[in-house]
2 protein chains.
Amino acid sequence: MDMTSQLTAAAERLFDRHGYMATGMDRLTEAAGMSSRTLYKHAGSKAALMARVLTERHRRFMARIDVRTIDALFAALEDWVRVEGSRGCLFLRSRAETGGDTPEIAEAVALHKEAFHRRVSEVVAMDRGREDLALAEQVLVLVEGATHAAVYRGADAVSAARAAAAVLLERARA
Amino acid sequence: MDMTSQLTAAAERLFDRHGYMATGMDRLTEAAGMSSRTLYKHAGSKAALMARVLTERHRRFMARIDVRTIDALFAALEDWVRVEGSRGCLFLRSRAETGGDTPEIAEAVALHKEAFHRRVSEVVAMDRGREDLALAEQVLVLVEGATHAAVYRGADAVSAARAAAAVLLERARA
DNA sequence: CGCAATGTAAAACGAACGTTTTACATTGCA
DNA sequence: TGCAATGTAAAACGTTCGTTTTACATTGCG
């Protein structure tokens, strides 16, 4: 693994577990196993590193929810939570931590949430047989809710969201 | 207004808008309109101040969702979002920012989320006519989802959650 | 009256922050 | 063979952090 992805992976782990602001560069260099000089050559700055982490996470998450049905969407979310744990949405968290004042971060978050909303709408449209923006908004709320409720309610939150989505889909079809 | 509540109110605003870690004590003293000596006499420490903010917010939020039906719960949430804006759940955010490593904060968050879960279960039980823990978990996910989706989807997220909850309740009754 | 309480203004504390620099070792390729 | 690239280790940069301290003003009450 090259140094850049090694750094990005270590940074994602630390930022996710301890927060962006609470993670110092010394902990980053130690976890990434490289000198601060090398770190800055690859990352540019702490904010740029966070932006890179978000972009990378975006790719990984979107690949995971490349599905065709609403139920598969929640199954994918269950997998994600099992593998990555649940500490809330890293995109919303990083924006909140910086108050939206860090352009590189705010932009990465905006791009992700737009793409996420689009993907949910597509999945709902495929499953429902036609475009249904109202149902899509409900499913988006359920995914977001499962993500954040899982922080303190555990995996039950995701299965509850999954069951709720099934009811809403059935009702929309009737 | 006495100095303690003046400080707490100013701190809540700054922590909510810019994040806990990103808000320095100088900004706090300036916004609260008091010297740092007075601030520390009333707050003890930054972490204790955050804990007090959370306890105060907990009281205000729980008073707002003192309702008897699921629909009223979401109506209250709509009010809350209109008045306070939507920057995500301050409890989850403060825990995430500190990585759960600040006991005073982690405890305030845990107390709030337990009480919140209990309240939702009670409201669902009243509305449904009997205890229904599965429906309660779904409604909790919807509230949490509305709170966080509203950050980037606006008030529509809350109305979507409200409509979804109505469908789930109707279905549970059938 | 006098003192205890409560406040302000501002300097100072050591520690930690993100970042840059200095000095040097290793490596791969022309 | 030699140089450019890439890495390490560690000190230093100036700034900002949360917190404490010093010195002084105001006020309310026994």
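The sequence lines fix the lettering, A, B, ..., with proteins before strands; numbering per chain opens at 1. All of these numbers come straight from a predicted model, not from anything done at the bench.
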For the residue pair A/His112 and A/Phe61, does the interplanar ring angle fall in the parallel (under 30°), tilted (30 to 60°) or perpendicular (over 60°) class?
perpendicular
Consider the side chain of [X], meaning its heavy atoms from C-beta on, and name the nucleotide among [options] that approaches it most closely.
X       : options                : result
A/Lys46 : C/dG7, C/dT19, D/dG7   : C/dT19
B/Asp26 : C/dT8, C/dC17, D/dC17  : D/dC17
B/Met25 : C/dT8, C/dT20, D/dT19  : D/dT19
B/Ser35 : C/dT19, C/dT8, C/dT22  : C/dT8
A/Met34 : D/dT8, C/dT8, C/dT19   : D/dT8
B/Ser45 : D/dT19, D/dA23, D/dT8  : D/dT19
B/Tyr40 : D/dC17, D/dA23, D/dT19 : D/dT19

Would you name the heavy atoms of B/Asp156 and A/Glu137 that are closest together and state the gap between them?
O-CG, 4.2 Å
Taking [X] for the side chain and [Y] for the main chain, is one N or O donor matched with an acceptor at less than 3.5 Å?
X        : Y        : value
B/Gln6   : B/Ala32  : yes
A/Arg128 : A/Ala172 : yes
A/Arg119 : A/Met62  : yes

For C/dT8, which nucleotide in any strand shown is its Watson-Crick or wobble partner with both distances under 3.5 Å?
D/dA23
Rounding to an integer number of Å, can you tell me how far [X] [atom1] sits from [N] [atom2]?
X       : N      : atom1 : atom2 : answer
A/Tyr20 : C/dC17 : OH    : P     : 13 Å
B/Leu39 : C/dA10 : CG    : P     : 17 Å
B/Met50 : D/dT19 : CE    : P     : 14 Å
B/Met3  : D/dT26 : CE    : C1'   : 13 Å
A/Glu97 : C/dC17 : CD    : P     : 14 Å
B/Arg27 : D/dC17 : CZ    : P     : 9 Å
A/Lys41 : C/dT20 : NZ    : P     : 13 Å
B/Leu28 : D/dT19 : CG    : C1'   : 13 Å

Polar pair under 3.5 Å, donor/acceptor by atom type, side chain B/Thr38, base C/dT6
no
Looking at D/dT19, does its base get a donor-acceptor pair with the side chain of B/Arg37 below 3.5 Å?
no
Checking side chain to side chain contact (heavy atoms under 4.5 Å, CB included) against B/Val123, which of B/Ile65, B/Thr69, B/Val67, B/Asp71 comes through?
B/Val67
Considering every strand and a 4.0 Å limit on heavy-atom distances, what is the contact class for A/Thr29: base, sugar-phosphate, or nothing?
nothing
Looking at every strand, decide which applies to B/Gly33 at a 4.0 Å heavy-atom threshold: base, sugar-phosphate, or nothing.
sugar-phosphate
Can you work out whether B/Ala22 or A/His42 has the more 5'-proximal nearest nucleotide on DNA chain D?
A/His42
